[in-house]
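Notes follow the structure.
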Amino acid sequence: MATGFNKWGMTTVIVSAMILSDLVQCKTNPYADVFSPSRSMLRPQLAVNGWEAIVSLLTPTTRRCPHLGCALKWNPQEHTWDCPCHGSRFAEDGKRIDGPATGDLKL
Ligand code: FES
């Protein structure tokens with residue numbers, strides 16, 4: 001069973017099916033290590049993400065994400081407030097478009 005793709009299930013379910021199918025047939029799959037539950041999470045990108053989250057939390061701004069408080073960034077193409085930390089998005093009037101935030105922005 002493959003689960004927990006956090007909004008990326010439509011694409012990663014295909015890769016998961018290929019990996020699981022190959023594993024059952026004792027074949028090697030080039031993506032198996034990337035999706036392995038026992039893979040190491042200690043990668044350079046983890047430090048980069050942690051640093052960006054800290055910077056975002058310390059950035060002076062009036063717009064904060066109701067999920068965990070990261071500084072929201074205005075997206076001029078979509079006219080949305082986007083959270084760089086976990087991907088929540090809000091309409092110009094503060095209505096929640098996408099989570100993990102569960103509520104609207106308080107403007
Ligand atoms: S802090 Fe914004 S989505 Fe988590």
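First listed ligand is number 1; within each ligand, the first listed atom is number 1. Values in this document were obtained by computation on a predicted structure and should not be read as measured data. Excluded from the calculations below are hydrogen atoms, water molecules and symmetry mates; all remaining heavy atoms, backbone and side chain alike, are included.
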So, are Lys73 and Asp82 salt-bridged, with charged N and O less than 4.0 Å apart?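 Salt bridge between Lys73 and Asp82, a charged N being under 4.0 Å from a carboxylate O: no.
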Less than 3.5 Å apart, which donor and acceptor atoms pair up between the side chains of residues 32-40 and the rest of the protein, not counting sequence neighbours?
residue : atom : partner : partner atom : Å
Ser36   : OG   : Ser38   : N            : 3.2
Ser36   : OG   : Ser38   : OG           : 3.1
Arg39   : NE   : Val34   : O            : 3.3
Arg39   : NH1  : Ser36   : O            : 2.8
Ser40   : OG   : Leu42   : N            : 3.1

Begin from the C-alpha positions of Phe90 and Cys65 and carry the test side chain to side chain contact (heavy atoms under 4.5 Å, CB included) through to its verdict. CA-CA 9 Å; Phe90 305 89; Cys65 180; 4.2 Å; yes
Supply the members, apart from Leu58, of the Ile/Leu/Val/Met/Phe/Trp/Tyr cluster built from side-chain contacts under 4.5 Å; use none for a lone residue.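 Under the 4.5 Å side-chain rule, Leu58 groups with Ile54.
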May I have the list of side-chain donor-acceptor pairs in residues 92-107 shorter than 3.5 Å, sequence neighbours left out?
residue : atom : partner : partner atom : Å
Asp93   : OD1  : Lys95   : N            : 3.1
Arg96   : NE   : Ala101  : O            : 3.4
Arg96   : NH1  : Ala101  : O            : 3.2
Asp104  : OD1  : Arg96   : N            : 2.7

Around atom 4 (Fe) of ligand 1, what protein N, O or S atoms are found below 2.8 Å?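 Under 2.8 Å from atom 4 (Fe) of ligand 1 - ignoring waters, which are not counted - the protein N, O or S atoms are His67 ND1, His86 ND1.
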Cys85-Cys70 sulfur separation below 2.5 Å?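 Answer is yes, sulfur atoms closer than 2.5 Å.
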